[in-house]
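Quick notes on the structure that follows.
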There are 2 protein chains.
Amino acid sequence: MGEMKKDVSLVVIRRLPRYYRYLTELKESGIVRISSKALAEKMQVTASQIRQDLNCFGGFGQQGYGYNVSQLQAAIGDILGLNENHTTIIIGAGNLGRAIANYGSFEKRGYRLIGIFDINPDVVGKVINGITVSHMDTIDEFFQKQKPDIAILTIPKNVAVEVAQKLASLGIRGIWNFSNMDLHMAVEGVEIENVHLSDSLMTLSYKIGKRKGENK
Amino acid sequence: MGEMKKDVSLVVIRRLPRYYRYLTELKESGIVRISSKALAEKMQVTASQIRQDLNCFGGFGQQGYGYNVSQLQAAIGDILGLNENHTTIIIGAGNLGRAIANYGSFEKRGYRLIGIFDINPDVVGKVINGITVSHMDTIDEFFQKQKPDIAILTIPKNVAVEVAQKLASLGIRGIWNFSNMDLHMAVEGVEIENVHLSDSLMTLSYKIGKRKGENK
DNA sequence: TAGATTGTTAATCGATTAACAATC
DNA sequence: TAGATTGTTAATCGATTAACAATC
């Protein structure tokens with residue numbers, strides 16, 4: 001009731017999936033409990049950081065014992081919204097769009113793909129992973145019947161803003177954006193997560209170059 | 001001579017590709033000069049940050065004038081190693097591997113794909129974007145003739161460590177890792193850039209969930 | 001010259017790490 | 001109980017922002 005807990009910093013949030021990953025692995029290998037110290041060693045972070053991060057969301061541990069692996073894993077999954085059964089659509093059935101459509105692992109985490117859209121007549125009508133690609137023209141109609149939560153944008157950057165605004169007007173809740181263009185400025189009221197693959201590759205090539213020039 | 005300039009922080013490096021992107025766009029639309037203030041507004045960051053970031057690498061601007069767009073763009077491209085003509089190989093010709101192989105934009109930035117490897121007999125021998133998929137068994141041989149700089153790992157996580165170590169032993173310089181597993185602990189002397197797509201999606205679903213619960 | 005804008009130093013803010021009392 | 005380990009407060013470190021003299 002009116003509790004005014006301060007927003008958890010995004011740097012903390014971005015570490016949660018990594019905790020989730022390690023905890024899932026521990027759980028699968030049958031480990032029941034783990035201390036922040038042991039987990040920290042495994043993940044190469046400090047135990048302090050783990051305890052601080054977790055305590056943004058509540059006390060999941062127990063003094064003298066540590067954390068129950070599967071309990072903590074479930075709690076983090078919950079924080080991340082993995083139990084909310086998000087529905088997704090893919091806009092752009094090019095190489096990347098098709099790759100994501102065929103990628104099974106997201107389904108396991110509770111993301112359900114319910115539509116694929118494109119404007120290219122060569123791909124509209126094709127079936128990808130059991131879903132028939134629809135023309136973008138039919139997207140209004142689609143939203144009248146279904147309310148997808150997340151749109152996955154795998155389209156060229158020159159049309160990204162236009163499409164994002166269209167989706168926003170239809171009431172999409174989040175956009176997972178693979179087009180090489182920042183969308184957070186273009187769209188209001190929709191959560192945006194940009195994946196800039198080429199940025200990541202450039203970072204790697206910087207690191208390589210630096211290593212080479214180390215003895216300058 | 002022995003100049004001991006401190007390492008530039010990785011948070012700064014990760015902003016460079018974004019600067020590069022905006023400057024390329026400005027350049028393409030014919031803009032010749034820009035001030036840190038104007039660029040900051042466009043990118044929704046502070047002018048201070050831009051000037052601090054750039055000055056990690058030298059003074060690219062001019063008082064009273066600002067920055068020459070194409071000069072600065074070229075300088076950042078240089079820092080990021082975009083003119084070094086990195087050669088790449090893809091390990092894992094699944095959906096994602098094929099998508100990246102077919103993605104043209106990397107070539108434009110000076111990354112040249114020279115090999116694709118897999119172990120699945122169904123894909124070995126197939127031609128993807130002009131390159132015949134080779135069997136992993138032939139990779140030693142391949143490295144004897146060619147020395148690729150970067151390996152793009154699009155393989156299941158259970159074989160990622162093994163393959164990464166193999167590549168390291170062959171002298172790869174960087175690994176762009178798409179398998180859902182951290183590799184920086186497993187491999188010495190190789191630069192690693194992890195792309196955890198599912199981490200990114202989970203971050204998005206957290207953001208959506210938070211928004212929904214805003215009025216609690 | 002006067003105005004604009006940099007490069008850079010200083011101040012602030014936020015994130016990480018260390019320390020330790022509480023407690024299982 | 002004694003030992004272990006948390007949750008949490010305090011100290012440190014690093015990153016961001018503000019300010020301004022230098023200078024084009």
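Residue numbers begin at 1 in each chain, while the letters A, B, ... track the order of the sequences.
Pairing partner, dG14(D): dC13(C), with both Watson-Crick or wobble hydrogen-bond distances short of 3.5 Å. Here dT23(D) sits opposite dA4(C) as a Watson-Crick or G-U wobble pair (both hydrogen-bonding atom distances under 3.5 Å).
Atom CD1 of Ile152(A) is separated from atom CD1 of Ile91(A) by 9.5 Å, given to the nearest 0.5 angstrom. From Ile13(A), atom CD1 reaches atom CG of Leu80(A) across 7.5 Å, with rounding to the nearest 0.5 Å.
Side-chain proximity of Ser48(B) to the nucleotides dT8(C), dT8(D), dA18(D) is greatest for dA18(D).
No hydrogens or angles were tested; on distance alone, nothing pairs the side chain of Ser9(A) with the base of dA15(C) as donor and acceptor under 3.5 Å. A donor-acceptor contact under 3.5 Å is formed by the side chain of Gln52(B) with the base of dT17(D).
In this structure, Gln49(B) reaches the dT16(D) phosphate: one of its side-chain N or O atoms is under 4.0 Å from OP1 or OP2. Ser36(A) has no side-chain polar atom (N or O) that falls below the 4.0 Å cut-off from OP1 or OP2 of dT5(D). Between dT5(C) and Arg33(B), a contact under 4.0 Å exists linking OP1 or OP2 to a side-chain N or O. A sub-4.0 Å separation between OP1 or OP2 of dG7(C) and a side-chain N or O of Tyr67(B) is present. Between dG7(D) and Arg51(A), no contact under 4.0 Å exists linking OP1 or OP2 to a side-chain N or O.
Both Val45(A) and Asn55(B) lie close to DNA chain C; mapped to their nearest nucleotides by heavy-atom distance, the more 5′-ward contact belongs to Asn55(B).
None of Arg14(B), Arg18(B), Arg21(B) except one satisfies the salt bridge (charged side-chain N to carboxylate O under 4.0 Å, His left out) rule with Asp199(A); the exception is Arg21(B).
Looking at heavy-atom distances under 4.0 Å, Thr46(B) makes contact with sugar-phosphate atoms alone, never a base.
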